[in-house]
Amino acid sequence: MSSNPSPLNSSRFEGCTLTGALSVLTEVRDAVCIVHGPAGCTHHNFSLLHATLLSNDRLEAPRLLSTRLTENDIIFGGEDALEKTIARALSVSPAPTSVFVLSTCIVETIGDDTAAVCAKPRGVPVVAVPTAGFLGGVFETGVRNALSSVATLASPAAEVTLTANLVGEKNLEYGVDENAAEIARLLARLGIGINLRFVRRIGTGDVERLGAAAVNILREPALRPVGEDLKRRFKTPCIESFPTGLAGTCRFLEEAGRICGVDPSEAVEEERAYQAEMLSRFADIAGSRVCFRPPHPALNPDPVAEAVCAECIEALDLTIAPPDGVVIPLPYPAPVGTAGLRRMLHRWRVLIRGKGRG
């Protein structure tokens with residue numbers, strides 16, 4: 001599910017705002033999510049999320065409930081239906097330690113005061129999340145709104161530790177855990193640990209640690225408003241993107257070190273040596289003739305992916321030779337860190353060798 005903010009990409013390739021928010025909120029494992037709207041909105045998203053979990057070998061089902069608004073509710077208001085569904089959510093087993101209520105387009109249209117219903121005291125936090133997309137919201141809007149809503153469950157930390165939060169991982173993309181592992185590997189060179197994956201496979205109680213990190217690392221620049229919100233709440237500076245490219249990965253180490261007060265020079269030198277050794281494994285494709293195409297015919301090339309590919313082309317002495325070069329799809333999104341580049345170059349090798357055998 002794309003959440004790239006680039007103006008080169010049409011919003012018709014995005015999912016809806018509700019889907020973006022659920023991709024975040026269903027990763028709070030002890031929460032229940034209520035979709036306030038017609039049953040179809042919940043059914044569609046449950047099917048998508050469940051299929052994604054299964055494809056990643058996670059044998060679990062998202063904890064979703066629907067207010068199942070009827071025609072009568074839409075005419076006279078659905079707040080009573082929401083009250084009853086919140087009560088039902090609090091009675092499920094195991095009992096949730098938080099409840100998130102997501103609005104839909106129809107609810108915003110009829111004017112239900114979802115926030116007021118959620119604000120009533122119930123013993124556990126019931127958080128309203130604005131997710132109606134009919135006024136222009138797309139997938140990434142839901143992601144941002146969900147992250148900011150979950151952050152309201154945290155308080156400023158008494159002590160800041162030499163750790164980082166990973167903020168806004170793309171939970172529906174393949175390789176999400178591999179990307180997190182790469183960030184952890186890079187930060188370990190600086191002696192920086194991972195405080196919280198915000199939000200992936202955590203409990204409500206874990207959110208309380210959100211303000212204890214020395215730095216927030218955003219998955220992509222589109223999450224800058226979330227980074228600014230977290231800085232206002234907890235005074236935590238942020239890095240605006242996961243690292244991409246050879247030089248970009250080293251710059252990431254330099255920035256993380258600067259923010260956290262750690263000298264990054266040794267870590268950068270170690271990473272450069274690691275990158276050189278990685279590139280040496282692909283010496284067999286040096287000099288090959290290649291050409292690139294976007295991952296989808298309706299999308300223009302991603303400039304970040306193009307820059308990463310150009311860097312690797314130069315490092316491996318490849319030749320851009322349309323139209324007879326081996327056709328290689330541009331990666332989307334751009335690979336993360338040195339490990340991401342290694343996986344990308346492995347795919348290039350398979351394509352180049354396959355062409356040679358033909």
Side-chain angles (χ1 to χ4, degrees), residues 1-10 12-14 55-56 169-170 172-183 185-186 219-222 240-253 268-358:
M1 184 71 64
S2 164
S3 57
N4 192 319
S6 169
L8 300 176
N9 295 307
S10 167
R12 70 175 179 270
F13 294 105
E14 304 275 359
S55 69
N56 287 286
E169 294 177 75
K170 298 185 178 204
L172 300 188
E173 76 174 345
Y174 291 105
V176 58
D177 290 326
E178 288 86 348
N179 290 341
E182 172 67 351
I183 301 300
R185 181 190 70 80
L186 290 167
R219 175 61 180 87
E220 60 185 3
E240 293 191 348
S241 177
F242 281 13
T244 58
L246 297 165
T249 298
C250 293
R251 287 195 298 272
F252 170 83
L253 286 169
V268 170
E269 288 306 310
E270 289 173 349
E271 189 62 21
R272 285 177 178 151
Y274 182 78
Q275 291 175 343
E277 191 276 333
M278 182 274 293
L279 290 169
S280 71
R281 300 180 192 179
F282 297 94
D284 57 306
I285 62 172
S288 298
R289 297 166 63 83
V290 299
C291 60
F292 294 89
R293 60 173 172 79
H296 190 286
L299 290 176
N300 290 321
D302 175 13
V304 177
E306 285 189 310
V308 168
C309 290
E311 197 177 31
C312 290
I313 287 165
E314 181 178 359
L316 292 173
D317 195 27
L318 303 179
T319 301
I320 300 291
D324 61 325
V326 176
V327 176
I328 296 176
L330 284 168
Y332 182 78
V336 171
T338 305
L341 291 175
R342 182 175 62 246
R343 291 192 294 271
M344 181 187 76
L345 292 176
H346 176 74
R347 290 191 291 272
W348 288 14
R349 173 191 276 155
V350 170
L351 292 168
I352 291 168
R353 286 181 171 179
K355 180 72 172 181
R357 286 197 298 270

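Because the structure is a prediction, the values reported are computed rather than measured. Basis for what follows: all heavy atoms, side chains included, without hydrogens, waters or symmetry-related copies.
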Checklist entry - Of all residues at least two apart in sequence or in a different chain, which pass the salt bridge (Lys or Arg N to Asp or Glu O under 4.0 Å) check with R343? => result none
Next on the checklist: If you count every heavy atom of other residues, nucleotides or ligands that lies below 6.0 Å from E277 atom CD, does the total exceed 12?
Outcome noted: yes
In Å and rounded to the nearest 0.5 Å, what is the [atom1] to [atom2] distance from [X] to [Y]?
X    : Y    : atom1 : atom2 : value
L186 : T249 : CG    : OG1   : 6.0 Å
R289 : L318 : CZ    : CG    : 11.5 Å
E173 : E178 : CD    : CD    : 9.5 Å
I313 : E306 : CD1   : CD    : 9.5 Å

Which residues share a side chain to side chain donor-acceptor pair (under 3.5 Å) with [X], sequence neighbours left out:
X    : answer
E269 : R272
T338 : E271, Q275
Y274 : R342

[Y] side chain reached by [X] side chain, heavy atoms, under 4.5 Å:
X    : Y    : result
P335 : R347 : no
L341 : C312 : yes
L351 : P329 : yes
V336 : R219 : yes
R353 : D284 : yes

Closest approach of [X] to [Y] (non-hydrogen atoms, all atoms of both residues):
X    : Y    : value
L330 : C309 : CD2-SG, 3.7 Å
V304 : A334 : CG1-CB, 3.8 Å
P243 : G248 : CB-O, 4.0 Å
L279 : L316 : O-CD2, 3.7 Å
G245 : V308 : N-CG2, 3.8 Å
G325 : C291 : O-SG, 3.5 Å

Next on the checklist: The criterion is side-chain contact (heavy atoms from CB on, under 4.5 Å); which residues satisfy it with A286, sequence neighbours excluded?
Outcome noted: none
Checklist entry - T319 and V290: side-chain contact (heavy atoms from CB on, under 4.5 Å), yes or no, with the steps? => result CA-CA 6 Å; T319 301; V290 299; over 6 Å; no
Item to check | Full working for side-chain contact (heavy atoms from CB on, under 4.5 Å) between N179 and K170 | outcome: CA-CA 10 Å; N179 290 341; K170 298 185 178 204; over 6 Å; no
Checklist entry - Got a sec, which residues hit ring-ring contact (aromatic ring centres under 6.0 Å, His included) with F292, two or more places apart in sequence or on another chain? => result W348
Item to check | Any donor-acceptor pair under 3.5 Å from E182 side chain to G337 backbone | outcome: no
